[in-house]
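The structure appears right after this line, and notes come after that.
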Amino acid sequence: MPFIADLHIHSHLSRATSSQMNLENLYKWAQLKGITVIGTGDFTHPKWFAELKEKLEPAEPGLFQLKKKYAKPMEKEIPEACRAPVRFLLSVEISTIYKKGERTRKTHNLFLAPDFLCAGRLNAALQERGNIKSDGRPILGMDSKLLLQMALDASPDNTCIPAHIWTPHFSVLGAASGFDSVEECFEELTPHIFALETGLSSDPPMNWRISSLDRFVLVSNSDAHSPEKLGREANIFNCDRSYFAMMKALREKRPGEFLGTFEFFPEEGKYHYDGHRSCNQRMAPAETLSNQLRCPACGKNVTIGVMHRVVNLADRADGYTPSEALPFHSTIPLAEVLAEMNGVGVKSNKVSRQYSRLLEKFGNEFYILQECPLAELTQAGFVLLAEALKRIREGKVHINPGYDGAYGIIKVFEPWEKQEQQLALL
């Protein structure tokens with residue numbers, strides 16, 4: 001049976017993260033979303049590491065489950081239609097800032113570990129190199145290659161996945177502080193890298209334009225800082241439910257065992273286009289080049305976005321699809337769809353009530369977004385939602401791309417279209 005995994009998240013001990021990012025809420029929200037395997041995030045933080053050891057117990061090889069005494073109180077908050085097993089996989093994102101090739105490099109890498117011993121060995125080694133206590137996502141002044149070697153020395157079963165690889169300021173291929181290739185970053189250790197995280201501002205077709213990335217499998221994760229953001233991007237596996245089977249499916253690109261990803265529409269990512277947010281200037285790559293990389297309003301340099309960076313490194317035309325390309329599904333979180341339909345905020349009581357009703361009647365969010373027959377939604381009175389999901393599944397949405405740290409705006413309906421749909425229901 002296929003299952004969904006979101007392996008890059010953060011705990012409440014990371015900066016700018018919700019206090020609700022604890023194991024109990026992760027257990028609950030994974031079920032609401034339809035996620036079977038969820039990363040723990042932040043295992044390098046001593047306090048979080050101790051909490052993980054206290055509240056989790058071994059399940060399948062390399063995976064953990066929440067102990068019953070912590071899970072049971074959450075059951076009343078999970079609709080019967082959503083209840084399902086949840087497994088945790090030890091994970092952490094580590095930020096590195098260092099000089100290489102006469103330039104300052106800033107990269108983020110996701111590390112996965114199969115057990116507390118393998119994770120603990122890495123923690124002990126890192127503690128000798130920097131401060132891992134101040135932030136759930138530690139910032140270390142060391143080369144990414146050295147960090148990878150330390151992870152492998154702790155255990156050859158530890159896994160490194162470069163995170164959100166196109167983000168301008170903190171990624172392996174970022175325009176501001178990254179490299180022009182994965183090999184330039186990891187050098188002779190590059191064969192140990194077998195997966196790359198696309199990030200919110202890119203999707204697989206953008207990455208397919210760079211032939212040097214063909215040998216890597218593309219994964220997607222939410223990088224969630226609050227529970228409701230879980231699963232905004234995620235992975236689809238169809239292998240045994242274990243750490244080792246999942247990593248093997250990725251490493252070997254095993255047919256039928258890794259089935260692809262759920263993706264943000266990349267334009268919604270906050271670094272998709274170039275621009276200068278303080279001047280409200282959003283710019284496509286061609287426009288940026290015509291302005292010599294400067295803001296037309298104030299003359300300062302603009303922030304170069306992901307699309308521009310991809311175009312710079314691309315050696316293939318837009319629209320190229322490799323022969324071994326895996327499927328992907330672009331989607332919009334259900335709460336955002338409901339908010340647009342009702343003309344209210346995502347966190348409004350109206351959206352919360354409708355969200356709960358839908359999950360109680362139909363099941364988890366991923367099922368509703370991707371699989372629920374539209375006729376069933378229509379018959380149950382959710383006619384406008386059925387039309388919205390039809391358009392999302394077909395990729396027919398309206399987009400104002402994100403830029404310079406501002407999220408893009410994705411709409412299913414233009415205002416007049418929503419009015420037409422609502423009038424048709426009268």
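Not measured: the values here are computed from a predicted model.
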Just checking, is any N or O donor in the side chain of [X] or [Y] under 3.5 Å from an acceptor N or O on the other one?
X      : Y      : value
Asn235 : Thr261 : no
Asp153 : Gln149 : yes
His12  : Ser19  : no
Asp214 : Trp208 : no
Ser181 : Ser212 : no

May I ask you to decide whether [X] forms a salt bridge with [Y], counting only side-chain N to carboxylate O separations under 4.0 Å?
X      : Y      : result
Arg309 : Asp180 : yes
Glu51  : Lys47  : no
Lys28  : Glu24  : no
Arg209 : Asp315 : no
Glu228 : Lys33  : no

- prompt: Under 6.0 Å between ring centres, would you say that holds for Tyr27 and Phe88?
  reply: no
Is a donor on one side and an acceptor on the other found under 3.5 Å between the side chain of [X] and the backbone of [Y]?
X      : Y      : answer
Thr167 : Phe170 : no
Asn291 : Glu287 : yes
Glu365 : Leu334 : yes
Asp6   : Asn221 : no

Please tell me if the side chains of [X] and [Y] come closer than 4.5 Å, counting only heavy atoms from C-beta onward.
X      : Y      : value
Arg105 : Lys99  : no
Asn25  : Met74  : yes
Val219 : Thr198 : no
Thr44  : Phe49  : no
Thr40  : Val92  : no
Cys295 : Asn301 : no
Asn158 : Ser155 : yes

- request: Please determine if Lys145 forms a cation-pi arrangement with Phe186, meaning its NZ or CZ atom is less than 6.0 Å from the six-membered ring centre and no more than 45° off the ring axis.
  value: no
- prompt: Is the cationic atom of Arg282 (NZ for Lys, CZ for Arg) positioned less than 6.0 Å from the six-membered ring centroid of Tyr273 and within 45 degrees of its normal?
  reply: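 No cation-pi geometry.
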query: Among Val172, Leu148, Leu173, which residue meets the side-chain contact (heavy atoms from CB on, under 4.5 Å) test with Cys185?
result: Val172
field: Qualifying residue for side-chain contact (heavy atoms from CB on, under 4.5 Å) with Leu13, from Met21, Lys133, His45
entry: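 Among Met21, Lys133, His45, the one that satisfies the side-chain contact (heavy atoms from CB on, under 4.5 Å) with Leu13 is His45.
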